[in-house]
Amino acid sequence: MTTPVDSPRRSDSSMLGSAAWGHANGGRLTLAQQWRFAIQTVVAQLRLRWLGRGAVSDDMRQRWSRLEPDRIELPDTPTVTRVLELVRQSMPVWLCRHSLRTWAWAALLAQRDALKPDTEVLAATCLLHDIALLPSDRPRAGVRCACFAVQGGQRARRFLQEQGWSECRAHAVEDAICLHMNPDVPLCAGIEAHLLQQAAAMDVIGARVNGIDASSRHAVLIRYPRTGFAQRMSEAMRLQAERAPETRTRMLWRMGFERAIRRSAWER
């Protein structure tokens, strides 16, 4: 079911990582914001460790019963078709598969938690969230930012507006992509933004991986294998951290992001 994004109910300029924040500073953190981001990251890490130690609750098992991995196909719309074409043309296979897995995890998390996202917005968000991750030899006109997530959000917004999307829906995608490098994105920032961050973190570092049952995980991995993913993502993030000081990527890298990728639950 597609529920239209008909009002700008997203994050505001005061939210670190938002599209408005990125437009204001290109994704560069002030010293105060670096401390704030570091604290948020540590709190998120501690929460994940605490959640990972407990047994699967009866409530979670009941929510697993809602999962239908056979019903996570991408929305059959002209825009999603063009987005998928763009992704396949501009990304290597390993990154394209990551984007597709991110969609699959997001769709399953929405089923599990009975959330009702705009599925077309969610699909575009997941598919395009790493569109600027890999460095390009040719800088794009009009993009002046240090953070790949901010740059990717802006690129996604322009592409979707070229497809005839309203400013509001295109901005929802931009905002979600900008926010996905935060350690946590609350539902109040938008359902699609929340699901993207949860799904991308699950795929990259195995965050809350036990929130999806084993059979559903297996179904996704059969469709979109993780072959060589950890090594390639680690290298991509290392390059971003080196070329983009004072960004969230650099902060995460300094706080052990490579170790988190290489030692995730997926790699065990």
Side-chain angles (χ1 to χ4, degrees), residues 5 9-12 14-22 27 29 33 36-49 51-52 72 95 98-113 115-119 121-133 147-154 156-157 171-212 220 229 233 236-237 240 247-249 251-253 255 257 260-261 264-266:
V5 177
R9 51 180 169 70
R10 309 290 162 177
S11 56
D12 56 36
S14 65
M15 186 171 188
L16 191 156
S18 68
W21 173 84
L29 298 163
Q33 288 172 339
R36 179 177 158 199
F37 185 80
I39 292 170
Q40 291 174 349
T41 301
V42 169
V43 169
Q45 290 173 338
L46 291 173
R47 185 184 300 119
L48 287 174
R49 289 180 186 177
L51 291 172
I72 56 171
L95 191 55
H98 163 60
S99 299
L100 287 162
R101 286 195 305 272
T102 300
W103 153 257
W105 305 135
L108 288 170
L109 289 170
Q111 291 178 4
R112 187 197 70 184
D113 296 338
L115 299 175
K116 302 295 182 183
D118 179 320
T119 54
V121 167
L122 182 62
T125 296
C126 292
L127 292 175
L128 294 170
H129 79 277
D130 277 341
I131 193 69
L133 174 63
C147 174
F148 82 90
V150 172
Q151 181 179 348
Q154 294 175 9
R157 172 178 49 79
H171 175 74
V173 173
E174 178 187 10
D175 210 34
I177 292 174
C178 290
L179 284 166
H180 92 271
M181 288 301 292
N182 284 14
D184 182 64
V185 176
L187 272 170
C188 63
I191 294 174
E192 299 81 17
H194 171 76
L195 288 171
L196 171 63
Q197 191 279 331
Q198 296 267 302
M202 179 181 290
D203 198 62
V204 175
I205 63 172
R208 301 180 180 86
V209 68
N210 290 331
I212 301 293
V220 172
F229 173 73
M233 178 57 80
M237 296 303 294
Q240 282 293 333
T247 62
R248 291 169 293 171
T249 304
M251 289 289 298
L252 290 171
W253 191 257
M255 297 179 72
F257 199 36
I261 295 171
S264 78
W266 300 113

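This chain uses plain numbering: 1 for the first residue, then up along the sequence.
Between atom CG of residue Leu95 and atom CD1 of residue Ile131 there is a gap of 8.0 Å, rounded to the nearest 0.5 Å. Between Leu115 atom CG and Gln198 atom CD the span is 9.5 Å, to the nearest 0.5 Å. Atom CD in Gln240 sits 7.5 Å away from atom OG1 in Thr247 (nearest 0.5 Å). How far CD1 of Ile212 is from CG of Leu109: 4.5 Å, rounded to the nearest 0.5 Å. His194 NE2 to His180 NE2: the interatomic distance, rounded to the nearest 0.5 Å, is 15.0 Å. Atom CZ in Arg248 sits 7.5 Å away from atom CG in Leu29 (nearest 0.5 Å).
Residues Val42 and Met255 are in side-chain contact: their nearest non-hydrogen atoms beyond the backbone lie under 4.5 Å apart. Under the 4.5 Å side-chain criterion, counting only non-hydrogen atoms from C-beta, Thr249 is not in contact with Phe257. Here the side chains of Arg157 and Val173 are not in contact, with every heavy-atom distance at 4.5 Å or above. Under the 4.5 Å side-chain criterion, counting only non-hydrogen atoms from C-beta, Thr41 is not in contact with Met251. Side-chain contact between Phe37 and Asn182 is present, with at least one heavy-atom pair separated by less than 4.5 Å. With contacts defined as side-chain heavy-atom distances shorter than 4.5 Å, the pair Leu196/Val185 does not qualify. No side-chain heavy atom of Leu195 sits less than 4.5 Å from a side-chain heavy atom of Trp105.
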Going through the checks in order, is the side-chain contact (heavy atoms from CB on, under 4.5 Å) test met by Ile191 and Leu122?
CA-CA 9 Å; Ile191 294 174; Leu122 182 62; over 6 Å; no
Criterion side-chain contact (heavy atoms from CB on, under 4.5 Å) on Met237 and Leu252, from CA distance to verdict
CA-CA 9 Å; Met237 296 303 294; Leu252 290 171; 5.6 Å; no
Could you check Glu174 against His171 for side-chain contact (heavy atoms from CB on, under 4.5 Å), going step by step and ending with a plain yes or no?
CA-CA 5 Å; Glu174 178 187 10; His171 175 74; 3.8 Å; yes
Please test Gln197 against Thr102 for side-chain contact (heavy atoms from CB on, under 4.5 Å), starting from the C-alpha separation and ending with a verdict.
CA-CA 9 Å; Gln197 191 279 331; Thr102 300; over 6 Å; no
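Closest approach of Val121 and Ala172 over heavy atoms only: CG1-CB, 4.3 Å. Residues Leu127 and Ser99 come closest through the heavy atom pair O-OG, 3.5 Å. Taking both residues in full, the closest heavy atoms of Ala193 and Leu179 are given as CB-CD1, 4.2 Å, listed atom of the first, atom of the second, then distance. Contact detail for Glu192 and Asp118: the closest heavy-atom pair is OE2-N, 2.8 Å. Closest heavy-atom contact between Cys178 and Ser18: CB-C, 4.0 Å. In terms of heavy-atom proximity, Leu48 sits nearest to Ala207 at CD1-CB, 3.9 Å.
Applying the side-chain contact (heavy atoms from CB on, under 4.5 Å) test to Ala123 and every residue at least two apart in sequence or in another chain returns Leu74, Pro75, Val80, Trp103. Listed by chain and residue number, His129, Phe229 satisfy the ring pair (Phe, Tyr, Trp, His ring centres under 6.0 Å) test with His98 (two or more places apart in sequence, or in another chain).
Side-chain N or O atoms of Arg112 include one that pairs as donor or acceptor with a backbone N or O of Gly211 at under 3.5 Å.
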